[in-house]
Amino acid sequence: MVRGLSKADKKLAYDAKLCQLLDEYSQILIVAADNVGSNQLQNIRRGLRGDSVVLMGKNTMMKRSVRIHSENTGNKSFLNLIPLLQGNVGLIFTKGDLKEVSEEVAKYKVGAPARVGLVAPIDVIVPPGNTGLDPSQTSFFQVLNIATKINKGTVEIITPVELIKKAISYPTLAAAPHMFINAYKNALAIAVATEYSFPQAEQVKEYIKDPSKFAAAAAAPAAGAASGGAPAAAAKVEEKKEEPEEEDDEDFGMSLFD
């Protein structure tokens, strides 16, 4: 793209380039571009330089250019591309072997952290091994039904744990508790901000309307704990009161055996 062009001129330049590539190349490889960074894309372009050209762009622009070029040239085969232009994809125009081009692109695949809302391209599995956590953390793994053992004072996972399934929307055993809690948080946030409500949100909304109710609820357990300690304290006081009488007996030289 030429810098300094207006938005309309850029669209015209993109359209002309795409039409030129459609006429020049007989093979097109459609690639998914999710989570592909600019440096990674630059390396792919450099690796394919010579017999292939990488073209990125918005799906709407690509579909429009393909449709118009098909009408202008009368080549209806170009229209087969339109259903495939879904999501974040790019086009690789090549005169070489498609398998070799695909293998060259795969060389630049790198790992990336999981993010909310993305579809997993691979299965995510936690391998067995030492977690570095102390034994007091075993309850966390028990809630998730993850088998562990204590080895050299730390928690160790015994079997592989499947966290995410590739491109499948159902939750795994380890991920389900977090998904339910996050869903509850989202629903609760909506209930707090609107008139919508549900049984599990009523108490929270009451606390927000009248914070004193929350203070009273929090104070009740503390008061119970304080009252529970009162008898013991009273008993200690009584014991202390009895001790001076024994000391008085000793002072007079008297005992039970005299």
Side-chain angles (χ1 to χ4, degrees), residues 31-41 58-60 85-90 109-151 153-229:
V31 293
D34 287 331
N35 305 316
V36 178
S38 57
N39 291 336
Q40 187 179 1
L41 183 59
K58 294 182 178 180
N59 289 347
T60 52
L85 300 177
Q86 302 292 335
N88 187 14
V89 297
K109 184 185 295 185
V110 296
R115 289 187 295 172
V116 176
L118 296 181
V119 177
I122 60 172
D123 293 342
V124 179
I125 298 174
V126 177
N130 198 306
T131 64
L133 299 175
D134 60 81
S136 64
Q137 305 296 320
T138 53
S139 59
F140 170 78
F141 296 96
Q142 290 172 355
V143 170
L144 300 178
N145 201 26
I146 297 176
T148 60
K149 67 177 181 180
I150 305 302
N151 184 19
T154 57
V155 179
E156 182 176 314
I157 297 177
I158 300 175
T159 57
V161 180
E162 187 179 73
L163 292 182
I164 303 174
K165 285 292 293 180
K166 175 182 177 181
I168 295 179
S169 59
Y170 67 80
T172 61
L173 187 62
H178 301 281
M179 296 180 67
F180 291 137
I181 290 296
N182 290 333
Y184 169 71
K185 289 180 180 178
N186 293 335
L188 181 60
I190 295 173
V192 169
T194 64
E195 296 299 323
Y196 170 78
S197 187
F198 56 97
Q200 290 77 9
E202 288 295 337
Q203 189 174 24
V204 176
K205 297 182 78 169
E206 284 295 323
Y207 288 159
I208 294 175
K209 288 181 182 179
D210 186 2
S212 63
K213 292 183 179 180
F214 177 76
S227 63

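None of these values were measured; they are calculated from a predicted model.
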> Please name the pair of heavy atoms, one in E202 and one in S197, separated by the smallest distance, quoted to 0.1 Å.
OE2-OG, 2.5 Å
> Please answer whether the main-chain N or O of N182 pairs with a side-chain N or O of N186 as donor and acceptor at a distance below 3.5 Å.
yes
> Mind checking the CZ-NZ spacing from F198 to K205? Nearest 0.5 Å is all I need.
9.0 Å
> Taking all atoms of both residues into account, what is the closest heavy-atom pair of Q40 and K109, and its distance?
NE2-CA, 3.9 Å
> Measure across I125 and P160 and return the closest heavy-atom pair with its distance rounded to 0.1 Å.
CG2-CB, 3.9 Å
> What's the separation between atom CG in L133 and atom CD1 in I150, rounded to the nearest 0.5 Å?
9.5 Å
> Which pair of non-hydrogen atoms, one from T154 and one from N130, has the smallest distance, and what is that distance?
OG1-ND2, 2.7 Å
> Can you confirm whether more than 12 heavy atoms, excluding those of Q203, are under 6.0 Å from its CD atom?
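No, not enclosed.
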> Using every non-hydrogen atom in the two residues, find where I208 and P211 come nearest and quote the distance to one decimal.
O-CD, 4.0 Å
> Can any side-chain N or O of T148 pair as donor or acceptor with the backbone N or O of V155 at less than 3.5 Å?
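No; judged by distance alone, with no hydrogens or angles, the pair does not exist.
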> Using modelled atom types and a 3.5 Å cut-off, is there a donor and acceptor pairing between side-chain atoms of N59 and backbone atoms of N88?
no
